[in-house]
Amino acid sequence: GVPVQEGKSFSVPNKLRVVGNIALRDRRPFSDAMVEFRPVISSELSDQGLPTPRRSVGVVKGGTFYANVDKGTYDVFVRPIESSGYPWVVRVGQVIEGDMTLPDFFIPAPVVEKLSLRNASSGGRIDPPVSIRTYLLPRGRTDWVEIGRTTSDYSRLSSAVQSQNIQVLL
């Protein structure tokens with residue numbers, strides 16, 4: 001006969017409910033954004049064979065968001081839609097141990113950074129579009145966190161990126 005495999009049962013851990021508010025600096029609710037929870041550490045298998053914590057995306061409505069996440073530590077990204085010109089807001093190292101309300105996220109006014117891109121190997125010509133990503137190295141960490149991205153229009157770049165403590169990796 002065919003050998004019978006022994007099954008293993010496991011339970012899926014309950015997700016935690018996290019809520020918060022997103023507003024402009026003048027406290028008007030801001031809804032044109034996505035909220036993303038990215039685990040700070042690489043996922044490891046739990047006792048049940050499930051990776052934990054897992055990446056989660058929140059739902060934004062009327063300036064309020066909610067997300068169902070695993071217990072863990074996350075970098076929380078509020079990413080306004082790219083066409084809005086507003087910068088990302090990133091909160092690093094947010095610990096989630098139970099259902100909770102996060103402190104409010106405030107979206108600053110757009111900051112336009114302009115620069116010219118030149119390709120030395122092609123006589124200075126750039127073939128658009130060029131994708132630019134901006135990273136932050138949080139204090140006390142060894143991993144870079146993406147805090148903004150944009151695409152150039154020909155040889156000029158306009159980007160809504162906060163200009164403090166950033167490094168542009170090209």
Side-chain angles (χ1 to χ4, degrees), residues 14-43 52-117 126 128-170:
N14 289 334
K15 295 237 179 200
L16 306 171
R17 186 164 177 87
V18 177
V19 297
N21 294 302
I22 306 168
L24 297 173
R25 293 280 183 196
D26 64 5
R27 303 208 180 271
R28 282 181 294 152
F30 188 84
S31 291
D32 291 335
M34 178 183 82
V35 179
E36 180 181 2
F37 291 77
R38 292 185 199 163
V40 170
I41 57 172
S42 59
S43 297
T52 183
R54 293 167 280 192
R55 177 185 169 273
S56 295
V57 177
V59 174
V60 181
K61 186 172 183 177
T64 298
F65 70 87
Y66 69 90
N68 296 314
V69 303
D70 296 313
K71 179 179 177 179
T73 302
Y74 296 86
D75 292 336
V76 183
F77 297 79
V78 175
R79 294 175 44 187
I81 58 172
E82 189 169 337
S83 62
S84 72
Y86 286 100
W88 294 11
V89 174
V90 182
R91 185 171 295 150
V92 296
Q94 177 68 56
V95 177
I96 310 284
E97 293 183 334
D99 293 345
M100 66 184 296
T101 299
L102 295 179
D104 291 347
F105 288 87
F106 291 101
I107 307 291
V111 174
V112 177
E113 301 286 345
K114 292 187 178 187
L115 58 105
S116 293
L117 302 173
I126 288 286
V130 175
S131 178
I132 302 295
R133 293 183 175 197
T134 308
Y135 294 84
L136 165 76
L137 181 60
R139 192 173 292 134
R141 294 213 351 222
T142 58
D143 59 318
W144 290 92
V145 176
E146 183 179 4
I147 62 168
R149 72 175 71 156
T150 192
T151 303
S152 71
D153 58 349
Y154 298 94
S155 64
R156 296 195 341 211
L157 169 72
S158 293
S159 174
V161 174
Q162 292 176 302
S163 59
Q164 69 179 45
N165 301 322
I166 61 173
Q167 179 170 351
V168 177
L169 305 176
L170 300 176

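Bear in mind the structure is a predicted one, so any value in this text is a computation, not a measurement.
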Q | Intermediate values then yes/no, side-chain contact (heavy atoms from CB on, under 4.5 Å), Leu16 and Asn68 | A | CA-CA 5 Å; Leu16 306 171; Asn68 296 314; over 6 Å; no
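- Ser31 is not listed as a side-chain neighbour of Lys61, based on a closest heavy-atom distance of 4.5 Å or more.
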Q: Any chance you could lay out the side-chain contact (heavy atoms from CB on, under 4.5 Å) test for Val57 and Val35, step after step, and finish with the verdict?
A: CA-CA 6 Å; Val57 177; Val35 179; over 6 Å; no
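- Residues Pro87 and Pro80 are not in side-chain contact: their nearest non-hydrogen atoms beyond the backbone lie 4.5 Å or more apart.
- Counting heavy atoms of neighbouring residues, nucleotides and ligands inside a 6.0 Å radius, atom CZ of Arg27 does not exceed 12 of them.
- Remark: Asp104 engages Asn21 in a side-chain hydrogen bond (donor to acceptor under 3.5 Å, both in side chains) (not counting sequence neighbours).
- Rounded to the nearest 0.5 angstrom, Arg55 CZ and Glu36 CD are separated by 4.0 Å.
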(Q) side-chain contact (heavy atoms from CB on, under 4.5 Å), that's the test. Do Val90 and Val76 meet it? Break it down for me. (A) CA-CA 6 Å; Val90 182; Val76 183; over 6 Å; no
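- For the pair Asp99 (side chain) and Arg17 (backbone), a donor-acceptor distance under 3.5 Å is present.
- Using a 4.5 Å heavy-atom threshold, the side chains of Val92 and Gln94 count as separate.
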Q: With side-chain contact (heavy atoms from CB on, under 4.5 Å) as the test, would you mind laying out the steps for Ser56 and Arg38 before giving the verdict?
A: CA-CA 7 Å; Ser56 295; Arg38 292 185 199 163; over 6 Å; no
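- Remark: Arg91 CZ to Phe37 CZ distance equals 9.5 Å, nearest 0.5 Å.
- In this structure, Phe65 CZ and Met34 CE are separated by 12.5 Å, a value rounded to the nearest 0.5 Å.
- A salt bridge links Arg54 to Asp70: at least one charged side-chain nitrogen sits closer than 4.0 Å to a carboxylate oxygen.
- Contact annotation: the side chain of Val60 approaches that of Ile22 to within less than 4.5 Å [non-hydrogen atoms, C-beta and beyond].
- Here Phe106 contributes atom CZ and Arg25 contributes atom CZ; the two are 8.0 Å apart, rounded to the nearest 0.5 Å.
- The side chain to side chain contact (heavy atoms under 4.5 Å, CB included) search around Leu24 returns Asp26, Arg28, Phe30, Tyr86, Ile107, not counting sequence neighbours.
- Not a single donor-acceptor pair under 3.5 Å links the side chain of Thr73 to the backbone N or O of Val40.
- Considering all non-hydrogen atoms of both residues, Ala67 and Gly58 come closest at CB-CA, 3.7 Å.
- Residues Tyr74 and Ile96 meet the side-chain proximity criterion, which asks for heavy atoms closer than 4.5 Å.
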